[in-house]
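All figures in this text were calculated on a predicted structure; none of them were measured in a lab.
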Amino acid sequence: QVVKESADVLNWIICDGDIDPEWIESLNSVLDDNHLLTLPTGERINFGSNVNFIFETNDLQYASPATVSRMGMIFLNNEDINIKALITKWIKRQREEIQGRLEEFIEEYFYRAFEVLLQFEDQLAVTTTRVGTIMNALTMMQEATSKGEFLEALIKGFAANFAPAARATVVEELTKVLGIRLPTDPRSPLDFCFAKENNQFRAYTPDLTRQLKPTDFTDNNEPPLVRTVGAQRDLDLIKPWVQSGEPFILVGPEGCGKNMLIRNAFEELKKTMKIQIAVISCNAQTSAYQIIQKLNQVCLKAIFAQGRIYRPKEASRLVLYLKDINLPKPDKYQTIQMIAFLQQIITHRGFYDENLEFVYLDEKIQIVASMNPASTLGRFPLSTRFTANVRIAYVDYPTNEELGMIYTEYLKGVLQNPQIKLERNDPTTILGLSKKIAPFLVEVYHNVKQKFLIDEHRHYLYTPASLTSILYGLLRYDIGSTEQLIEIIAYEICRVFRDRIVNFESLSKFDNLFLGLLRQHFKLNFNPKEVFYSSIPHLKEIKEGSKEIPYLTRLSVEDLKTI
């Protein structure tokens, strides 16, 4: 294309991405005075002096001296970035009626808050650039029309990418410099919102108005959301990005409910538009190919003025949700191909297909991802060139108090299931039983997590998802009494927690802990070595083509030996 241009037209070829010797070494002859490109086919292309190359990258650790010596070098550091120009450009893209007010608020508060944040750059949950941090806050402010809404967006935007301990310090310093007081516990500083009705900040309170039903527990991969204070905080944290279609990453430890939060955030939006969520579960080998394959499945290829474009097939917005985005392995030059591809999609709104034709992505396609912190085993840090282009929010496990609330609500829903036949099945009995069982489950979880650490064995990974699986497990039994219900809960706890224990000494430690709590809460004597539940007695029904999964039946040791 550039060879065809006349000599008086100046051409720039921009190579945007990581530099590695496997491709850039072949350009050495182009960068010489003779400007000659030799293709693998043997064909030679001679460039005129009107053609120049720009390589846009974040480091040159894998570029050879032969390559580096052929080029001029411009290094852009954080101090070179004109923050005011960046913010002014962003303001001009907002609605005209709020531009003036935003400019006023930013001048008064934003720069002072940003100076405070620079002190904590090294404590970010996911490493990003200063531009990434600024955009995290700005994208929260898109609908801020009052001072209170602006300050809420400013604090939440700047504090979103910090783990809880660092977040508490950051928010404390921010509130000092902004001259405001928040109605929250300093340990959970983001548990607030701005109430338009009285123009004041208010703390979240648990919202338990929605009663869970047995039908909410049909899919154990999609448990229902209980609107605790933490859930409301985390939903409000990502709400502006969900509504505006910004690409974002939700970061948090294993089993803290990232998938559930993302799913529920888009459920809210489904009330106003048709949304399709396409999920890609990443692993060490996931590459750009899987993303292109998924796009081909869920998009229509259309033609518009600039060329070909992918558009959502069956919805007004397509959400491409990548789970565990930091699992794919980097190559020997520390490039994660899938991340480089996503960066291209987000930055340039498209990619080159196998025919080297540029295919655009409709702006109604949104990239959303979740990941565990990079410090977790088998996870890799993401390129800051990528993280600067996406918004980032950190979420953590619910507190023990919130877990008690969540599992009380879950039990109220599960115990209404027709196959659980308690002596009395009225709402008061179910509520009383739920309030008794939930604290027991949380106490077992908390104690086991403290005594059996992931540092000892990798599979000692106990999360709130473990408790959820216990409650879903109850739906596999035909329960006839409260006493049987407690025994089955004890049995399920053994299957979820005890079966992971690795030696007899640790098993003994677990049994003492667990059975002590069981006697304390329910005065029940339970021997994990003598009680078994199995579907073995129903195997004949399965062979004869029964479609229903049979309930698990209680067996004694003698029954098991007989079978």
Side-chain angles (χ1 to χ4, degrees), residues 81-114 117 130-161 174 178 180 190 192-202 232 235-249 265-275 304-306 309 311-312 315-319 345-349 360-368 388-393:
I81 296 159
N82 187 334
I83 290 168
K84 287 203 172 185
L86 175 79
I87 292 169
T88 304
K89 182 185 173 185
W90 178 83
I91 290 172
K92 284 179 180 172
R93 290 206 303 265
Q94 305 314 306
R95 297 198 319 271
E96 267 187 51
E97 60 268 27
I98 65 166
Q99 284 182 14
R101 197 168 289 177
L102 276 173
E103 207 164 351
E104 189 184 312
F105 292 147
I106 283 172
E107 203 59 50
E108 190 176 350
Y109 299 107
F110 191 94
Y111 298 108
R112 280 190 291 149
F114 185 60
L117 202 75
R130 286 185 185 176
V131 172
T133 302
I134 289 167
M135 292 310 294
N136 230 44
L138 290 178
T139 48
M140 289 265 187
M141 301 168 184
Q142 294 176 99
E143 298 302 320
T145 52
S146 65
K147 177 182 163 184
E149 286 176 301
F150 178 86
L151 290 173
E152 179 193 359
L154 180 65
I155 291 168
K156 288 185 174 180
F158 275 154
N161 189 12
L174 283 174
L178 295 171
I180 57 174
L190 298 189
F192 76 96
C193 63
F194 179 74
K196 287 183 183 178
E197 55 272 16
N198 58 5
N199 280 335
Q200 285 184 334
F201 295 122
R202 69 167 180 84
Q232 291 176 66
L235 281 170
D236 281 357
L237 208 53
I238 61 174
K239 189 178 179 181
W241 304 331
V242 168
Q243 290 180 332
S244 61
E246 289 278 339
F248 69 88
I249 301 176
F266 283 103
E267 281 298 324
E268 289 288 311
L269 202 60
K270 279 181 183 176
K271 294 170 185 172
T272 56
M273 66 169 73
K274 194 174 180 189
I275 291 177
F304 78 135
Q306 290 167 275
I309 187 168
R311 290 207 167 105
S316 45
R317 188 189 296 179
L318 171 66
V319 178
I345 283 180
I346 291 167
T347 313
H348 303 291
R349 291 309 304 172
Y360 290 89
L361 256 64
D362 195 292
E363 58 189 25
K364 291 170 186 163
I365 298 173
Q366 181 179 6
I367 308 288
V368 173
N389 286 299
V390 294
R391 315 290 72 86
I392 303 163

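Q142 places a side-chain N or O within donor-acceptor distance of the main-chain N or O of T139, the cut-off being under 3.5 Å. Side chain of E104 to main chain of G100: no donor-acceptor pair is present (N/O by atom type, distance under 3.5 Å, no hydrogens or angles). Side-chain N or O atoms of K156 include one that pairs as donor or acceptor with a backbone N or O of F192 at under 3.5 Å. Side-chain atoms of Q94 do not come within 3.5 Å of backbone N or O of M141 as any donor-acceptor pair. Judged purely by atom type and a 3.5 angstrom limit, R101 uses its side chain to pair as donor or acceptor with the backbone of T145.
Cation-pi geometry between K84 and Y111 is met: under 6.0 angstrom from the ring centre, within 45 degrees of the axis. K147 forms no cation-pi arrangement with F194, by the criterion of a distance under 6.0 Å to the ring centre and an angle within 45° of the ring axis.
Here the straight-line distance linking atom CZ of R391 with atom CG of L237 works out to 13.0 Å at 0.5 Å rounding. To the nearest 0.5 Å, atoms CD1 (I98) and CD (E149) are separated by 10.0 Å. For the atom pair CD1 of I275 and CG of L269, the computed distance is 3.5 Å after rounding to the nearest 0.5 Å. Note that the CG atom of L361 and the NE2 atom of H348 stand 13.0 Å from one another [nearest 0.5 Å]. Residue I87 holds its CD1 atom at 8.0 Å from CZ of F114, rounded to the nearest 0.5 Å.
Take A159 and apply the side-chain contact (heavy atoms from CB on, under 4.5 Å) test, not counting sequence neighbours, and it matches R167, V171, L190. Applying the side-chain hydrogen bond (donor to acceptor under 3.5 Å, both in side chains) criterion to R93, with sequence neighbours excluded, gives no partner residue. Under the side-chain contact (heavy atoms from CB on, under 4.5 Å) criterion, R311 pairs with A302, F304, I309, D362, sequence neighbours left out. Judged as a side-chain hydrogen bond (donor to acceptor under 3.5 Å, both in side chains), and not counting sequence neighbours, the contacts of K270 are E267. Partners of T88 under the side-chain contact (heavy atoms from CB on, under 4.5 Å) rule, at least two apart in sequence or in another chain, are K92. Take E103 and apply the side-chain contact (heavy atoms from CB on, under 4.5 Å) test, not counting sequence neighbours, and it matches I91.
In this structure, the side chains of I134 and W90 stay at 4.5 Å or more apart for every pair of heavy atoms. In this structure, the side chains of F150 and I106 come closer than 4.5 Å at one or more pairs of heavy atoms. Using a 4.5 Å heavy-atom threshold, the side chains of E152 and C193 count as touching. At a threshold of 4.5 Å between non-hydrogen side-chain atoms, the residues V390 and I367 do not count as touching. Side chains of E268 and L235 form no contact here, defined as non-hydrogen atoms less than 4.5 Å apart.
The number of heavy-atom neighbours closer than 6.0 Å to CD of Q306, taken from other residues, nucleotides and ligands shown, is above 12. E363 CD: 12 or fewer foreign heavy atoms inside a 6.0 Å radius.
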Starting from the C-alpha separation in whole Å, work towards a yes-or-no answer on side chain to side chain contact (heavy atoms under 4.5 Å, CB included) for T133 and N161.
CA-CA 8 Å; T133 302; N161 189 12; 5.7 Å; no
Start with the C-alpha distance between I155 and Y109, add both sets of side-chain angles, then the distance that settles side chain to side chain contact (heavy atoms under 4.5 Å, CB included), and finish with yes or no.
CA-CA 11 Å; I155 291 168; Y109 299 107; over 6 Å; no
For the pair N136 and M140, evaluate side chain to side chain contact (heavy atoms under 4.5 Å, CB included) and give the outcome as yes or no after the intermediate values.
CA-CA 7 Å; N136 230 44; M140 289 265 187; 5.9 Å; no
Using side chain to side chain contact (heavy atoms under 4.5 Å, CB included), reason through V368 and I238 one step at a time and then give a plain yes or no.
CA-CA 11 Å; V368 173; I238 61 174; over 6 Å; no
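Across F201 and G148, no two heavy atoms sit closer than the pair CE2-O, 3.6 Å. Residues R112 and E108 come closest through the heavy atom pair NH2-O, 2.9 Å. Nearest approach of M273 to S316, heavy atoms of both residues: CB-OG, 3.5 Å.
Screening K239, R95, K196 for a salt bridge (charged side-chain N to carboxylate O under 4.0 Å, His left out) with E143, the sole residue that qualifies is R95.
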